[in-house]
Amino acid sequence: MLKLHSRCNLACRYCYVYRNVDQSWREQPVTMSREVVDLAAKRIAEHAQRHRPPYVTIIFHGGEPLLAGADFIAATATAIRVAAEPFTRVDLRIQTNGVLLDEALLAVLAEHRIRVGVSLDGGLAANDQHRVFANGHGSFQAVARALRLLNEERHRPSYGGILCTINVANDPLGVYRDLIAFQPPRMNFLLPHGNWSAPPPGRSTMGTGTPYADWLIPIFDEWYRTYPQQTTVRLFESIIDMVLGGATSSEAVGFGPDGLIVIECDGSIEQNDSLKTTVDGGAATGMHLRDSTFDEVNELPIFRAQQAGPAALSTTCQACPLVELCGVGLYAHRYRADNGFDNPSVYCPDLMALISHIRGRVLFDLTRSGQPVSSGA
């Protein structure tokens, strides 16, 4: 993940970058320099040359990465492809709030084969509760314009999908149907960041309620029974894949390798930036592109701890029958101030309820169809 621009043109009320304990964005340059871009391209290429992966995914991120400008984005894409593509396929993506997307920008993104993911939390009322400009005005209309452009035939190949952060105050099926209306090829629902010391909205650390599972399950049921399906939903498909004996593609469930390395605007190398919601400096490694290879970063104990699988989990989680499917959720969501990450996810009841529901539906259908049940189930 390359943080091309450290500032944003929205002021989302739940933003984990600007409205949380870690305020290191204030010390970052506004835009990544060409020197840092070249260093990043060099490190990506050397890693690809050494390990020869079939592909490497590069996500342009922020802040709001489109604020870096079309020329800078194009130059960054070119630098990375020229350096790395002798050794691997480069999968370029950009995650944006969509406000600045227009015909000219989409033409540049298409030319450089950059797929576009857009953040949107539902229809006008749902989205504009939190995703607002600094003056408090909602962003829905601007984003909806961008999504309609992306869905036009000439731009459709660039359309990566929609990311929605869950707000349990909103009607789940209303949100899902409003998002489906934009015909995203892919969709994902994100649990809002929180932990045991700073619980997410509606999630009591003392209770056994399942507000987030209760929100997601109606969406799953509608998505699952719709044929042909209108979109893919990463969270749901990852759980189904694991039930059928496969692997997860989501960091929110299962034990897929967490291979994300974040490059900040100044060239510093960090962990998954969700860790900025735990403590000040929670994502920092103290390493920089100038001095460190990605292999050296990956050997740090803090990275190894996130990749250690069930053996590194709390005793509560190791004893859970769903641990292989759950994976204890996102690493940042396990944090508690007195003992670090040696805990179940703050979303534990929700994850158990959602996984159990999906597992039950899939196993019922397998049994009804006479198909053998895999070991993953």
Side-chain angles (χ1 to χ4, degrees), residues 1-12 14-19 22 24-41 43-44 56-81 84 90-121 131-134 139 142-143 145-147 149-150 155 158-165 184 186 188 190 260-270 272-274 276 283 289:
M1 180 180 285
L2 268 63
K3 299 280 190 172
L4 299 189
H5 201 281
S6 65
R7 305 304 193 262
C8 193
N9 51 356
L10 290 185
C12 300
Y14 57 64
C15 183
Y16 68 90
V17 175
Y18 305 110
R19 295 174 179 261
D22 188 307
S24 56
W25 65 271
R26 297 179 183 276
E27 279 77 53
Q28 288 293 330
V30 172
T31 306
M32 184 176 282
S33 69
R34 294 294 178 92
E35 177 190 8
V36 169
V37 168
D38 290 342
L39 279 172
R43 291 301 186 195
I44 292 165
V56 58
T57 298
I58 311 295
I59 305 167
F60 296 158
H61 209 269
E64 170 47 49
L66 293 182
L67 288 170
D71 290 344
F72 184 83
I73 292 168
T76 302
T78 298
I80 292 170
R81 289 197 187 278
V90 174
D91 170 25
L92 289 179
R93 308 180 187 187
I94 193 164
Q95 186 62 38
T96 172
N97 59 40
V99 168
L100 295 176
L101 280 175
D102 57 18
E103 291 279 4
L105 258 172
L106 283 171
V108 171
L109 297 175
E111 178 185 353
H112 291 275
R113 308 191 312 278
I114 303 171
R115 284 190 294 163
V116 184
V118 177
S119 298
L120 185 71
D121 290 349
R131 298 191 65 80
V132 297
F133 293 96
S139 63
V143 182
R145 249 189 330 270
L147 288 169
L149 264 180
L150 266 173
H155 297 309
S158 299
Y159 194 175
I162 293 176
L163 279 182
C164 171
T165 298
R186 299 168 193 82
N188 204 17
L190 306 180
L260 181 66
I261 286 178
V262 178
I263 310 301
E264 281 286 356
C265 278
D266 64 355
S268 56
I269 303 173
E270 296 198 340
N272 191 316
D273 55 356
S274 63
K276 294 184 177 184
L289 288 170

Examine distances only and state if a side-chain atom of [X] and a backbone atom of [Y] form a donor-acceptor pair shorter than 3.5 Å.
{"X": "Arg81", "Y": "Val90", "answer": "yes"}
{"X": "Arg43", "Y": "Leu289", "answer": "yes"}
{"X": "Arg115", "Y": "Gly161", "answer": "no"}

(message) Once ring pair (Phe, Tyr, Trp, His ring centres under 6.0 Å) is applied, do any residues pair with Tyr18, and if so which ones, sequence neighbours excluded?
(response)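 Per chain and number, Tyr18 pairs via ring pair (Phe, Tyr, Trp, His ring centres under 6.0 Å) with Trp25.
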
(request) Apply ring pair (Phe, Tyr, Trp, His ring centres under 6.0 Å) to Tyr159 and list each qualifying residue two or more places apart in sequence or on a separate chain. (result)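 Listed in chain order: nothing, the list is empty.
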
(message) Any carboxylate oxygen within less than 4.0 angstrom of a Lys/Arg side-chain nitrogen, looking at Lys276 and Glu264?
(response)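 Result for this pair is yes, salt bridge flagged.
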
(request) Could I get the full list of side chain to side chain contact (heavy atoms under 4.5 Å, CB included) partners for Ser274, not counting sequence neighbours? (result)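 Partners of Ser274 by the side chain to side chain contact (heavy atoms under 4.5 Å, CB included) criterion, ordered by chain and then number, come out as His193, Asn272, Leu330, Ala332.
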
State the [atom1]-[atom2] distance between [X] and [Y], to the nearest 0.5 angstrom.
{"X": "Ser33", "Y": "Asp266", "atom1": "OG", "atom2": "CG", "value": "9.0 Å"}
{"X": "Met32", "Y": "Phe60", "atom1": "CE", "atom2": "CZ", "value": "9.0 Å"}
{"X": "His61", "Y": "Cys265", "atom1": "NE2", "atom2": "SG", "value": "12.0 Å"}
{"X": "Arg93", "Y": "Met1", "atom1": "CZ", "atom2": "CE", "value": "11.0 Å"}
{"X": "Asp121", "Y": "Cys164", "atom1": "CG", "atom2": "SG", "value": "4.5 Å"}
{"X": "Ile58", "Y": "Ile80", "atom1": "CD1", "atom2": "CD1", "value": "5.0 Å"}

(message) Applying side chain to side chain donor-acceptor pair (under 3.5 Å) to Asp91 and Thr57, what does each step give before you reach the verdict?
(response) CA-CA 5 Å; Asp91 170 25; Thr57 298; 3.1 Å; yes

Are any of the side-chain heavy atoms of [X] and [Y] separated by less than 4.5 Å?
{"X": "Leu101", "Y": "Leu147", "value": "no"}
{"X": "Val99", "Y": "Val143", "value": "yes"}
{"X": "Leu163", "Y": "Gln95", "value": "yes"}

Listing, residues 104-112 side-chain donor-acceptor contacts under 3.5 Å, not counting sequence neighbours, or none:
none

Under the salt bridge (Lys or Arg N to Asp or Glu O under 4.0 Å) rule, collect the residues that match up with [X], sequence neighbours excluded.
{"X": "Asp102", "answer": "none"}
{"X": "Arg113", "answer": "Glu85"}
{"X": "Lys3", "answer": "Asp273"}
{"X": "Arg131", "answer": "none"}

(request) Please report the shortest heavy-atom distance between Glu64 and Asn9, naming the atom on each side. (result)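 The answer is CG-OD1, 3.5 Å.
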
Quick one: list whatever passes side-chain hydrogen bond (donor to acceptor under 3.5 Å, both in side chains) with [X], sequence neighbours left out.
{"X": "Thr165", "result": "none"}
{"X": "Ser6", "result": "none"}
{"X": "Ser158", "result": "none"}

(message) For a side-chain contact (heavy atoms from CB on, under 4.5 Å) check, start with the C-alpha distance between Asn97 and Val118, then their side-chain angles and the critical distance, and finish with the verdict.
(response) CA-CA 6 Å; Asn97 59 40; Val118 177; over 6 Å; no

Report all side-chain donor-acceptor pairs from residues 65-78 shorter than 3.5 Å, counting only partners two or more places apart or in another chain.
unit_1	atom_1	unit_2	atom_2	d
Thr76	OG1	Phe72	O	2.8
Thr78	OG1	Ala74	O	3.0

(request) For side-chain contact (heavy atoms from CB on, under 4.5 Å), just list the numbers for Val132 and Cys12, CA-CA rounded to whole Å, side-chain angles, deciding distance to a tenth of an Å, and then say yes or no. (result) CA-CA 5 Å; Val132 297; Cys12 300; over 6 Å; no

(message) Are there over 12 heavy-atom neighbours, none belonging to Glu35, within less than 6.0 Å of that residue's CD?
(response)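 Open: at most 12 neighbouring heavy atoms sit under 6.0 Å from CD of Glu35.
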
(message) Please evaluate residues Ile59 and Leu2 with respect to the criterion side-chain contact (heavy atoms from CB on, under 4.5 Å), reporting the C-alpha separation (whole Å), side-chain torsions for both, the decisive distance (0.1 Å), and the verdict.
(response) CA-CA 6 Å; Ile59 305 167; Leu2 268 63; over 6 Å; no

